[in-house]
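Because the structure is predicted, anything quoted here is derived from the model rather than measured. Both ligands and their constituent atoms are indexed starting at 1 by order of listing.
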Amino acid sequence: MIEMVIETEGLKKEIVSELLNLGVCDKCTLRYLGVKDPVVYRNTASIKTILGGLSKKEDDDDVADVDIDNEEGTGLPPAKLLKCNPCAACLGLLQSCVEESFLDHIADDIKKAGIESSSYAPVLTLPISLQIRAQSIWFHLIDKFPQVYKSLQYMKPEGISMKTVWKWISTMDLKQKVDSKSEWMTNGDLVINMFLQYKDEDPECLPMFKLLRQRNKRAELTRGAVEQMFHSMNIETFHTHFKCPPPIPTNQLVLDKLACSHMALFIAGRYCKYSRDVSQSPWLDLEGKRVRGEGSVQEYITEHVTPIFNCDTLRFSASGREDSDVRMLGKGRPFVVELINPKKTIFTPNRIKLLQKTINESTSLISVRDLQIVDKKAVTYLRDGELTKNKLYTALCKSDGREITAEMLQTLNETKTPIVLQQITPLRVLHRRSLITRPRSILELRAEPASNQSKDMFILHVKTEAGTYVKEFVHGDFGRTDPSISDLLGFPTEIMALDVTEVELDWPPEIKD
Ligand SMILES: [Zn+2]
């Protein structure tokens, strides 16, 4: 930022008294003097020193004549009857909106929302009148004190923004009122959206709205559109459309609404599935009713997660998926649940362990392990892993009736790996996948006699590259997968049952008991 140069005390005094005459409050006057020290804004004595005794006497009866609406009885914080006018620049944001009663009201609303958090991010949404007023004061200063402001004219009028100053003054107090151990920062987990309203917003914005509509018939009055408009506007044009300096306001900002929402939380783990009649996600009809199966992995997990975190909604994703008739064994498949706007957010590892126990005791069809709270980045890790991870399968295979001999198994076991397959999109998934030929590798292959004594069956262990269709690798899918086990053996082979025994993704980290 360009430094402001005010060469003499006399000149500074002139600027201060000009701003105060415009109805600008002490703190906004400091902003226009370029004061960047947060401590100063919190200290009335320092403010008075800098303003050199010209500071507004807010308890002076001489300036108590401005008529201000009393908001009492509206459910909104009572607008304190200012004995001086609301500031022409901040409309009271740095006056009544930093006072104890206002901050108490905010703190109560935050507590009422009942959302646990250890860090908070206050966000102010302000009326557009403030933007227009800031521009107006800025142009007035450039006009009146060119020796100081002319060289800064391309700087934003809000060089030291009122939002920033509001935070400098208020967050320490809010922290004490809400939770003295909490952290308050721009990337805090609990976002406190405060919407402030100004009674004269519409009339004050009307000239701007007209200007925008002249340029574009469908233009909306937005912060960005206004900023863009001012960017290309010179002082002369500004004067023809807006009052410069801005009029002294009679109404001040009031809190219209406060809304709290917590950043999403992510809980990860690995799941096993022991049933051949459970899908990964629910099969729903158009009305949202489940159409088949014994429920889904997603439901068995999330029905216990939702009440614990008390979240609005959630999103379940896993590192790939198995068909509903395929079991997921071994250490299981990594998954992550994104919890949207959770209200319970602070958990000890023991609490998560208990959640895992609850899920595991509720069903014998699935189980979870390594359940833990993870970072948002984990989701990308999971998705990337989906494209690169290898998987191990065990398949029960059946011949066309002929007996499986030791020689046949030997043929398979002596096949050189990796075997590179050309897989045309399988018929069974053609309705949801595009028709292409994918080269995929079988990295390891081992065949052994079936333990169930059936002479026409054998067991096949394979390790595959991500994205390989294993069922098709066995039967060949009418020649669409080449080569297949049927090709290698020289007779038709079917797949009777399939288990995933390992998903080679080293995430989430194992949790030792
Ligand atoms: Zn102000």
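One finds no salt bridge joining Glu9 and Lys13 here, because no Lys/Arg side-chain nitrogen approaches an Asp/Glu carboxylate oxygen to under 4.0 Å. By the 4.0 Å N-to-carboxylate-O rule, Arg213 lies close enough to Glu220 to be salt-bridged with it.
Qualifying side-chain contact (heavy atoms from CB on, under 4.5 Å) partners for Asp179, counting only residues two or more places apart in sequence or in other chains: Lys181, Ser182. Under the salt bridge (charged side-chain N to carboxylate O under 4.0 Å, His left out) criterion, Lys177 pairs with Glu100, Asp104, sequence neighbours left out. Residues passing the side-chain contact (heavy atoms from CB on, under 4.5 Å) test with Val123 are Val191, Asn193, sequence neighbours excluded.
Neighbouring protein atoms of the Zn ion (ligand 1) (N, O or S, distance under 2.8 Å, waters ignored): Cys25 SG, Cys28 SG, Cys87 SG, Cys90 SG.
Ring geometry, Phe242 versus Phe230: the interplanar angle exceeds 60°, so the pair is classed perpendicular (tilted spans 30 to 60°).
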